[in-house]
Novice: 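After the structure tokens below, expect a handful of questions from me.
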Amino acid sequence: MKKFLLILSFSMGIYASAQEELKKDSVVVDTVKYWSVLGKNSLMINQAAFSNWAGGGANNVGWLAGVNYNITYEKDNDLWENIIALDYGQNDTKGLGVRKTQDVINISTNYGRKFSKSWYFSLGAGLQSQFAAGYEDGNNPAAKKISNFMAPGYLNLGMGITYRPNDNLTVTLRPTNARWTFVLDKELQFAGSYGLKSDGDTSLLQFGFLGTALYKVKLMENVHITNTASVFSNYLDHPERLVLAYGAAVNFKVNKFISSNITLDLLYDHNQVQKTQLKQTLGIGFAYMLNNGVKRSDRKDSQWWIKK
């Protein structure tokens, strides 16, 4: 009897151990996240110094700080993408003083409900402005002020469709879009400034079509370019006067913490300046990337959730 109980106990132990191992092997851990966060925090520095240099030149030092995040929720047929881009930079040149070199506030959100492969009915909003005042003569504070925080500021709200086959391409078309232009600086609230109809007006409402696009390209190892473009047409007044914008950002990654950026921005807005506006920046410095994991759309081996 004792031998029987001993053999039974030993057998039960082996069975329990085998069952535990089987459980461990059969459990598939899904590490894919509904929420994904892709962010970049950067600080670029540039400097030049001269001493008895026959070619001439002025000592200067500059900096450019940026916070850029893409926060996305993706589950079944729901897609909610949020973009935060904040950039500010200055340059201090001997004899000229401190000048602003970069000043961007760009925040947007877009929710989509899938109705076909890569196509979504979408609703979204976007805010664009700047942090500090801008001046007519190269951001010289002694010159005439031409812009400030929320002067102008642009708020877009509309609905339409979004095409997003992957994370590298997003195209949104909104045939119904309200665009508010805000001018909250009293010194800039006069007729004609940013399209304002009368002196003292603080805002201008436009209604029309808005199209936006984002396209990311890997040029080579550690070299990426991000292209953005937008077009707006006001149905209510001179729809032929399109507001056109294009931006390109080239990122050269040196290592985990050091990278170089080149940016180019083109803008035409009849209500601002009746000329094409151009801005270009170049910097090298520290950049820290944040990526919290793989999104469901990136998992090629686990897309059962799409077929539900």
Side-chain angles (χ1 to χ4, degrees), residues 83 85 102-112 120-139 143-163 170-215 227-248 263-280:
I83 296 176
Q102 180 77 308
D103 193 355
V104 174
I105 298 175
N106 193 339
I107 302 172
S108 65
T109 182
N110 193 62
Y111 169 77
Y120 300 80
F121 291 118
S122 61
L123 171 69
L127 175 67
Q128 295 175 300
S129 189
Q130 61 191 56
F131 289 100
Y135 299 89
E136 195 170 55
D137 182 18
N139 293 315
K144 177 184 177 182
K145 181 166 59 176
I146 57 175
S147 62
N148 208 342
F149 173 71
M150 291 302 289
Y154 297 101
L155 175 63
N156 282 284
L157 178 62
M159 62 174 56
I161 58 174
T162 295
Y163 175 67
T170 303
V171 178
T172 299
L173 305 175
R174 296 180 188 162
T176 56
N177 186 87
R179 183 179 191 251
W180 284 271
T181 301
F182 294 96
V183 182
L184 303 186
D185 187 317
K186 292 184 180 297
E187 296 180 34
L188 302 175
Q189 295 172 357
F190 52 87
S193 176
Y194 301 107
L196 297 181
K197 300 301 183 183
S198 305
D199 290 349
D201 284 355
T202 60
S203 65
L204 171 71
L205 174 61
Q206 297 173 300
F207 182 78
F209 168 85
L210 176 67
T212 63
L214 180 147
Y215 182 48
N227 300 276
T228 58
S230 68
V231 56
F232 176 77
S233 174
N234 180 22
Y235 297 148
L236 306 179
D237 184 27
H238 291 288
E240 76 281 1
R241 293 179 180 173
L242 303 178
V243 180
L244 302 170
Y246 169 76
T263 67
L264 172 69
D265 291 284
L266 295 170
L267 172 66
Y268 181 83
D269 186 343
H270 187 275
N271 287 336
Q272 288 192 11
V273 181
Q274 295 175 28
K275 297 178 181 179
T276 300
Q277 302 178 52
L278 168 67
K279 180 178 67 174
Q280 184 271 324

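These figures come from a predicted structure and were not determined experimentally.
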Novice: Is a donor on one side and an acceptor on the other found under 3.5 Å between the side chain of Q189 and the backbone of V183?
Specialist: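 Yes.
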Novice: So with a 6.0 Å cut-off around NZ of K279, is the heavy-atom count from everything else above 12?
Specialist: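 Yes.
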Novice: Considering all heavy atoms of both residues, which atom of A133 and which atom of N148 are nearest to each other, and what is their separation?
Specialist: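 Reported closest heavy-atom pair: N-OD1, 3.4 Å.
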Novice: Using 0.5 Å steps for rounding, measure from the OG atom of S129 to the CD1 atom of I105.
Specialist: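 Here the rounded value is 5.0 Å.
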Novice: Hey, could you give me the CD/OG1 distance between Q128 and T181, rounded to the nearest 0.5 Å?
Specialist: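 Going from CD on Q128 over to OG1 on T181, the span is 10.5 Å.
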Novice: Between atom CD1 of I161 and atom CZ of F121, what is the distance when rounded to the nearest 0.5 Å?
Specialist: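 So the CD1 of I161 and the CZ of F121 are separated by 8.0 Å.
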Novice: D185 vs F149, test: side-chain contact (heavy atoms from CB on, under 4.5 Å). Steps then yes/no.
Specialist: CA-CA 8 Å; D185 187 317; F149 173 71; over 6 Å; no
Novice: Side chains of T212 and S230: donor-acceptor distance under 3.5 Å anywhere?
Specialist: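 Per modelled atom types, T212 and S230 side chains form no pair under 3.5 Å.
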Novice: Testing the basics here: between Y268 and H270, what is the closest heavy-atom pair and its distance to 0.1 Å?
Specialist: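 In terms of heavy atoms, the two residues are closest at OH-CD2, 3.8 Å.
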Novice: Under 3.5 Å, is there a donor-acceptor pair between the side chain of D103 and the main chain of F131?
Specialist: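 Yes, the answer is positive, given that a donor and an acceptor are paired below the 3.5 Å cut-off.
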Novice: How about F207: does its CZ atom have over 12 heavy atoms from other parts shown lying under 6.0 Å from it?
Specialist: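 Yes, the 6.0 Å shell around CZ holds more than 12 heavy atoms from other groups.
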Novice: Quick one about Y246 and N227 (side-chain donor to acceptor, distance below 3.5 Å, no hydrogens or angles considered), yes or no?
Specialist: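 Note: N227 and Y246 side chains meet the donor-acceptor criterion.
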Novice: Between L157 and W180, is the side-chain contact (heavy atoms from CB on, under 4.5 Å) condition met? List the steps.
Specialist: CA-CA 9 Å; L157 178 62; W180 284 271; 4.2 Å; yes
Novice: Please confirm whether the backbone N or O of F209 pairs with a side-chain atom of S233, one donor and one acceptor, at under 3.5 Å?
Specialist: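 Side chain of S233 to backbone of F209: no pair is present.
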Novice: To the nearest 0.5 Å, tell me how far L188 CG sits from M150 CE.
Specialist: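 Atom-to-atom, L188:CG and M150:CE are 13.0 Å apart.
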Novice: For N110 and T162, what are the C-alpha separation, side-chain angles and deciding distance, and is it a side chain to side chain donor-acceptor pair (under 3.5 Å)?
Specialist: CA-CA 9 Å; N110 193 62; T162 295; 3.2 Å; yes
Novice: Once rounded to the nearest 0.5 Å, what's the spacing between atom CD of Q280 and atom OG1 of T263?
Specialist: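 The distance works out to 6.5 Å.
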Novice: Which pair of non-hydrogen atoms, one from P175 and one from G160, has the smallest distance, and what is that distance?
Specialist: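 The answer is CD-CA, 4.0 Å.
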Novice: State, to 0.1 Å, how close S203 and F182 come at their nearest heavy-atom pair, and which atoms those are.
Specialist: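 Nearest pair, atom of S203 first, then F182: CB-CD2, 3.9 Å.
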Novice: Taking C-beta and beyond as the side chain, do Y154 and D269 meet within less than 4.5 Å on heavy atoms?
Specialist: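 SC-SC contact between Y154 and D269 confirmed.
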Novice: In Å and rounded to the nearest 0.5 Å, what is the OG to CG distance from S108 to L127?
Specialist: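 Between S108 OG and L127 CG, I get 10.0 Å after rounding to 0.5 Å.
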Novice: Test Y135 against I146 for side-chain contact (heavy atoms from CB on, under 4.5 Å), laying out the working first.
Specialist: CA-CA 5 Å; Y135 299 89; I146 57 175; 5.6 Å; no
Novice: So, for L173 and G211, which heavy atoms are closest and what is the spacing to 0.1 Å?
Specialist: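 Shortest heavy-atom separation between L173 and G211 comes out as CD2-CA, 4.3 Å.
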Novice: Compare all side-chain heavy atoms of F232 with those of N177 and state whether any distance is below 4.5 angstrom.
Specialist: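 The answer is yes; the side chains approach within 4.5 Å.
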Novice: Would you say the side chain of L236 lies within less than 4.5 Å of the side chain of Q206, judging by non-hydrogen atoms?
Specialist: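 Answer no - side chains too far apart.
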Novice: Do you know the tightest heavy-atom contact between R174 and A125?
Specialist: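 It is NH2-N, 3.9 Å.
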